[in-house]
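Just so you know, ligand 1 is whichever comes first in the structure, and atom 1 is the first atom listed for that ligand. No hydrogens, no waters, no symmetry mates; every other heavy atom, side chains included, goes into these values.
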Amino acid sequence: MERTINRELPAQIGKTVTIAGWVDVRRDHGKLIFLDVRDRSGIVQCVVTPRASEAMEIAKELRPQFTVAIVGELKERPENMRGAGPFGGIELSVQSVVILSRAQELPFDMSAELNLDTHLDYLPLTLRTARSRDIFTMQETILEGFRSSMRKQDFTEFTAPAIVGEDAEGGAAAFRVSYHHDTSAFLATSPQFYKQIMVGPFERAFTVAKIFRAEKHSTTRHLSEATSLDFEMGFIESHREPMAVLSRCVSDIVSLATERHPDMFERFDLPPPVIGDEIPTLTLREAQKILGVTEAPDLDPAGERSICEWAKKERASDFVFITAFPTKARAFYTYEDPHEAPYSRGFDLLFRGLEINSGSQRMHDYDALIGRMHERGLDPQKFSFYLQAFKYGLPPHGGSATGLERMTARMLGIANVKEATAFPRDLNRIDIRLSE
Ligand code: AMO
């Protein structure tokens, strides 16, 4: 019999159907066995009675994570016996069970709260928990919201390379890989050069890119491999235009997440993010004045948290922009207006205590860019490919990049970005712990 997906069951009351999925829980109640069976659309309760004697024999063998196909009659549950979840009003009265695959005894109870290391050690299993499924469903919504907002704002998607000849953000942080002809290449730390080049053909371009960072960070916000939501746009007057595009994009993502996942915010016990018509914007010095800290080239993590608390309290916003960082503290391609020196046209977007995005207006003049490279001790010869974009005319432009894992983590109040990454790579781990 053709398989019915759990989501379609409520319309099948009284009919005999086949479902398939994972045994989430088995509960033995006297002569009855209850099975919660999960498929891609949700969990439904099945009940095995002694009347189905063959099914009962098989049901006694079942443990969590066995995969099964079950034939049964769909019944409505009495009002006072309704279960939780969207399919709590129905139940499958089991006629037969086929085991599709067996699962060994689990190393822990899947419904228990796991510490992060245990979660990471057993990802092929722990990604199946309700919490993980929520996190990565939310991540998918963020990706979808990013792409649809970009398209709505007239941007064209392109794919950026992961293998690059030169590092865009400054050599120290890049992983080196051996390449053909006995040369070395790098894993891209950012699609920065490529998105700027794509302003040439498309004026407005965006990409969802893998970025690789070799810094030996061991924090709750750093990964060795992350996903970067990048865009770049031409014909701007200042960094304010990319900030406006980003604001609209973030607002679209928040709206989609709020509309689609109200139940998820409840399960994670925090409200959907608050984003007004305009995200509050402070210069770095204004932020430092509010915090009563001395001028430094950036906010530290504690400063990021405090200024977000300020924005929430004083401006009722979960987001805040910081602008006017010293040019020296920003990447070499960041534009500095002579009247605004020594401050740059860069910006950071903070969300619930964490920087999730960085962007700027870029240098677009060929000679000025070469001058800046010399100032920073960079050899323009090594960047000749990128420089062609400027040699052959690029308008004033700018853009930004959002870390997908950081945005996911802040959206659901997850403490460590590693939990907001299906397969995190960090100092000590590529799937398995490196020390082992
Ligand atoms: P930046 O280096 O600030 O800027 O990175 C942009 C955003 O990417 C995310 N991110 C990371 N997330 C997890 N682990 C990491 N190691 C990591 N590194 C970065 C953060 C960060 O805000 N080319 C510029 C962007 C631009 O100007 O358009 C850039 O890469 O969320």
Side-chain angles (χ1 to χ4, degrees), residues 139 142 146 150 155 160 164 166-175 186-199 204-233 236 239 241-243 245-246 249-250 253 297-299 301 304 319-323 325 327 329-335 344-364 386 397-411 414 416-421 423-427 429:
Q139 188 156 85
I142 294 173
F146 173 67
M150 283 285 113
F155 284 71
V164 299
E166 270 305 319
D167 167 41
E169 306 290 318
F175 288 106
F186 297 97
L187 295 181
T189 55
S190 156
Q192 183 64 37
F193 291 173
Y194 304 94
K195 65 177 175 173
Q196 287 187 260
I197 291 168
M198 287 310 236
V199 168
R204 292 184 163 207
F206 77 97
T207 187
V208 175
K210 279 296 177 143
I211 61 168
F212 305 89
R213 304 277 173 118
E215 292 121 336
K216 295 200 187 305
H217 282 310
S218 182
T219 73
T220 55
R221 57 187 194 286
H222 287 101
L223 297 159
S224 302
E225 177 177 335
T227 308
S228 188
L229 312 179
D230 279 77
F231 73 85
E232 199 69 21
M233 59 197 282
I236 62 173
H239 53 310
E241 287 112 311
M243 285 168 70
V245 165
L246 174 64
C249 180
V250 169
I253 292 171
D298 201 353
L299 292 177
E304 288 183 355
F319 295 85
V320 56
F321 273 119
I322 310 291
T323 60
F325 295 89
T327 308
R330 304 294 280 196
F332 77 87
Y333 47 76
T334 309
Y335 184 80
S344 73
R345 290 201 173 165
F347 56 85
D348 279 359
L349 179 63
L350 314 187
F351 175 25
R352 289 181 169 159
L354 182 66
E355 175 211 307
I356 61 155
N357 174 291
S358 235
S360 66
Q361 178 176 349
R362 326 296 189 183
M363 300 192 76
H364 66 277
Y386 168 62
H397 63 281
S400 77
T402 303
L404 175 65
E405 299 80 5
R406 288 192 186 182
M407 175 137 198
T408 309
R410 294 296 77 214
M411 187 74 94
I414 297 164
N416 195 317
V417 284
K418 286 172 202 165
E419 209 197 345
T421 316
F423 304 104
R425 276 82 180 89
D426 65 21
L427 266 187
R429 184 186 298 276

key: Lys/Arg N to Asp/Glu carboxylate O, R362 vs E232, below 4.0 Å   = yes

remark   = The atoms of ligand 1 lying under 4.0 Å from a heavy atom of S190, numbered in the order shown, are 23 (N), 30 (O)

request  = Tell me which one of R362, R425, Q196 gets a heavy atom nearest to atom 27 (O) of ligand 1.
outcome  = R362

request  = Just go through T219, T227, L223, L354 and tell me whose heavy atom is the nearest to atom 16 (N) of ligand 1.
outcome  = L223

ask   = Considering only heavy atoms of R221, which atoms of ligand 1 have at least one such atom less than 4.0 Å away?
value = 13 (C), 14 (N)

key: Distance-only N or O hit between ligand 1 and Y333, under 3.5 Å   = yes

key: Check: F321 ring centre within less than 6.0 Å of F347 ring centre   = yes

key: Test of proximity, E232 against ligand 1: N or O pairs below 3.5 Å   = no

query = With atoms numbered from 1 as shown, which atoms in ligand 1 lie under 4.0 angstrom from a non-hydrogen atom of N357?
reply = 22 (O)

inquiry  = Between D348 and R330 (salt bridge meaning N to carboxylate O under 4.0 Å), is one present in this structure?
reply    = yes

message = Just to verify, which of F155, F146, F231 counts as forming a ring-ring contact (aromatic ring centres under 6.0 Å, His included) with F206?
response = F146

ask   = Cut-off 3.5 Å, side chains only: do E405 and T421 have a donor facing an acceptor?
value = no

Atoms of ligand 1, numbered as shown, that sit under 4.0 Å from any heavy atom of K195 = 26 (C), 28 (O)

request  = Could you name the option among A226, S228, A401, A214 that has the heavy atom nearest to atom 6 (C) of ligand 1?
outcome  = A401

query = Of the choices R406, E215, R410, H239, which has the non-hydrogen atom that lies closest to atom 11 (C) of ligand 1?
reply = R406

Within-cut-off N or O pair, S358 and ligand 1, under 3.5 Å = yes

inquiry  = With heavy-atom distances below 4.0 Å as the criterion, list the atoms of ligand 1 near H222.
reply    = 14 (N), 16 (N)

key: Mode of F231 contact toward ligand 1 - side chain, backbone, both, neither (heavy atoms, under 4.0 Å)   = neither

remark   = Sorted by chain and residue number, the side chain to side chain donor-acceptor pair (under 3.5 Å) partners of E355 (sequence neighbours excluded) come out as none

inquiry  = So if I count the atoms of ligand 1 from 1 in the order they appear, which ones are less than 4.0 Å from some heavy atom of Q192?
reply    = 23 (N), 24 (C), 25 (C), 26 (C), 27 (O), 28 (O)

request  = Identify, by atom number and element, the atoms of ligand 1 in contact range of I356, meaning under 4.0 Å from any of its heavy atoms.
outcome  = 22 (O), 31 (O)

query = Taking only residues two or more places apart in sequence or in another chain, which ones pass ring-ring contact (aromatic ring centres under 6.0 Å, His included) with H222?
reply = H217

query = Do we see a donor-acceptor contact under 3.5 Å between the side chains of S400 and N357?
reply = yes

inquiry  = Do Q196 and Y386 pair up side chain to side chain, a donor and an acceptor below 3.5 Å, judged on atom types alone?
reply    = yes

inquiry  = With respect to D230, determine whether any N or O atom, backbone or side chain, lies less than 3.5 Å from an N or O atom of ligand 1.
reply    = no

request  = Please report the C-alpha distance between T207 and Y194 in whole Å, then the side-chain angles of each, then the deciding distance to 0.1 Å, and finally whether the side chain to side chain contact (heavy atoms under 4.5 Å, CB included) criterion is met.
outcome  = CA-CA 10 Å; T207 187; Y194 304 94; over 6 Å; no

